[in-house]
Amino acid sequence: MSDFATLRSHATRLADTPVARLLQEDPGRAKALALRVGPLYANFARQRFDAQTLDALFALADDAGFAPAMRRLLDGETVNVTEGRAALHTALRGASSDASFARECVAQAAAARKAMAEMIQHLAATEVTDIVSVGIGGSDLGPRLVADALALPGARFRVHFLSNVDGNAARRTLAGLDPAKTAAILISKTFGTQETLLNGGIVRDWLGEAAGLDGGRVYGVSANVERAAAFGIAAERILPMWDWVGGRYSLWSAVGFPIALAIGMARFEELLAGAAEIDAHAASATPRENLVFLHALTALWNRNALGLATQAVLPYDERLKLLPNYLQQLVMESLGKSARLDGTPLQEDTVPVWWGGPGTDTQHSFFQALHQGTQVVPADFIGVVRSDDGYAQNHRALLANLLAQTQALANGQASDDPHRAYAGNRPSTLILLDALTPHALGALVALYEHSVYLQSVAWGINAFDQFGVELGKQVANTLLPALEGKARADDPVTQVLLDEISARG
Ligand code: F6P
């Protein structure tokens, strides 16, 4: 039996045992706390736990039911209890299940991929060179990350992403594009998202007016086909989404249409295969050899036992520079909750603030605070072993910096001068990809997806709803008439601000 209080007692016991000492006392630790799964290698030796703590953490995984929870997810059970739905992103990559609903979803996903491949073939036979993908949140961040990471020079299509409702985003995205050679994809699960409808309208009109195309180059991806059709998208150009896939878990579905256009259908399938390898691993590996379990337990240890309030993600690969943005939604929209599944308040802290950026750039911005700031920030460092950029010396320098930072953060360095002293004992996990292939990136993203889910299981919260974002949207809608001068705001501060905007506007 293990709970968060037990974990905290281990944290107290280890308070004066820095990770450097744990490594000294146990010469096997550096290797023993590493796991390899397919293209991923992860080393947890610089996390601040010892063997006894690990026993407590794995007991917690057992008590919380990590293994049955993985099975429930893959079998399409109603894990999204507040919305009465499954969360079957694993079916999108063909994860195996005996449940007939999950198998049916695998088949639906395969049919959608076939339709997507036909659309790509059709587009490839036209003069279209550029694609504008319009969507936001889960309908943008995943495709944007993967397309940016994996698109190769000279690809058949250049893919551009438009998300922000700020008109400057539309202006900048469309500048330099030729409407006669551009197609648009409007991606919205609900097809009711303000940003996507406004930006989609701009792009649809830009295509129609400039090229006389009457919407013929506008594609849609949505679970609400009626709304997409009402927007003017022809039924044969709408790809499906389903209520059994959450938006931020959807890049593997037709939401990945821009990815497939950017990297080709075959490499899109490799991305899915990489994720499927982690699905199979998460569902079948023994707890101690389960990379997803250990990743989730490490997060819980840092948050609930050590009380660390933020978590950094530091990809040492320029192509992964959007990973922190993507993970901010995946992790914080999933785990930023304070009510348990049964509605009772959760007594533990949930998600830390996730932030980060690519190394080595960030070494010259916020790493000072990581090394000497008063807040300890656990970090996931992500590196890529083989690079094909052709600049071997740069790649060695990149890897040297990656290894140096994790070492310096953990070991620190004493000095009589407090300004020049490094306390060390700053925990990190190092994840290495053999190479940045679609397969490896699929595996990496799936690792985070499942780690997030298992953290939610330990906390007893729902990782698949996001009611917290609704209130702001509702208030924004009520304020539109006030911004047009047709109504007054109920809130006195908001009204003063509206007056100020109106006076200056
Ligand atoms: O930000 C809130 C949210 O509902 C996300 O969960 C979702 O990914 C995003 O908006 C976009 O929603 P849709 O795909 O319905 O346009």
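Note that these values count all heavy atoms, side chains included, but never hydrogens, waters or copies made by symmetry. When a residue number appears, it is its place in the shown sequence, counting from 1. Small disclaimer: the values here were computed from a predicted structure and weren't measured. Note that ligands are numbered from 1 as they come in the structure, with each ligand's atoms numbered from 1 the same way.
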>> Could you check whether Ser163 and Arg144, counting side-chain N and O atoms only, form a donor-acceptor pair closer than 3.5 Å?
In response: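 Side chains of Arg144 and Ser163: pair found under 3.5 Å.
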>> Heavy-atom pairs closer than 4.0 Å: do any link ligand 1 to the side chain of Lys473, the backbone, both, or neither?
In response: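 The answer is the side chain of Lys473.
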> Given that the side chain starts at C-beta and the backbone is N, CA, C, O, which of these parts of Lys189 lies under 4.0 Å from ligand 1, counting heavy atoms, or is it both or neither?
Replying inline: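 It is both backbone and side chain that touch ligand 1.
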Would one find an N or O of [X], backbone or side chain, under 3.5 Å from an N or O of ligand 1?
X	value
Gly138	yes
Glu333	yes
Ser188	yes

> Please walk me through it: do Arg113 and Leu272 pass side-chain contact (heavy atoms from CB on, under 4.5 Å)?
Replying inline: CA-CA 11 Å; Arg113 281 202 300 283; Leu272 305 192; 3.6 Å; yes
Within a distance under 4.0 Å of any heavy atom of [X], pick out the atoms of ligand 1 and give their elements.
X	answer
Gln329	5 (C), 6 (O), 8 (O)
Thr193	12 (O), 13 (P), 15 (O), 16 (O)
Gly137	8 (O)
Ile136	9 (C), 11 (C)
Val469	2 (C)

>> Could you tell me if the side chain of Leu40 sits less than 4.5 Å from the side chain of Leu291, heavy atoms only?
In response: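 They are in side-chain contact.
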> What residue and atom, counting heavy atoms only, is the protein's closest point to atom 14 (O) of ligand 1, and at what distance?
Replying inline: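 I find the closest protein heavy atom is Ser139 OG, 2.6 Å.
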> Among protein heavy atoms, which sits nearest to atom 15 (O) of ligand 1, and what does the distance come to when rounded to 0.1 Å?
Replying inline: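 Heavy-atom neighbour on the protein nearest atom 15 (O) of ligand 1: Thr190 OG1, 2.6 Å.
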>> Walk me through whether His295 and Tyr448 qualify under ring pair (Phe, Tyr, Trp, His ring centres under 6.0 Å).
In response: CA-CA 8 Å; His295 192 273; Tyr448 278 103; 5.0 Å; yes
>> Check whether Phe231 forms a cation-pi arrangement with Arg204 (NZ or CZ under 6.0 Å from the six-membered ring centre, at most 45° off the ring normal).
In response: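 Yes, a cation-pi geometry.
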>> Does the structure place the NZ or CZ of Arg93 under 6.0 Å from the centre of the six-membered ring of Trp252, at an angle of no more than 45° from the ring's axis?
In response: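 Positive - Arg93 is close enough to the ring of Trp252 and near enough to its axis.
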>> Any carboxylate oxygen within less than 4.0 angstrom of a Lys/Arg side-chain nitrogen, looking at Asp130 and Lys181?
In response: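 Result for this pair is no, no salt bridge flagged.
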> Given Glu449 and Ser334, is the side-chain contact (heavy atoms from CB on, under 4.5 Å) satisfied, shown in steps?
Replying inline: CA-CA 10 Å; Glu449 284 182 343; Ser334 297; over 6 Å; no
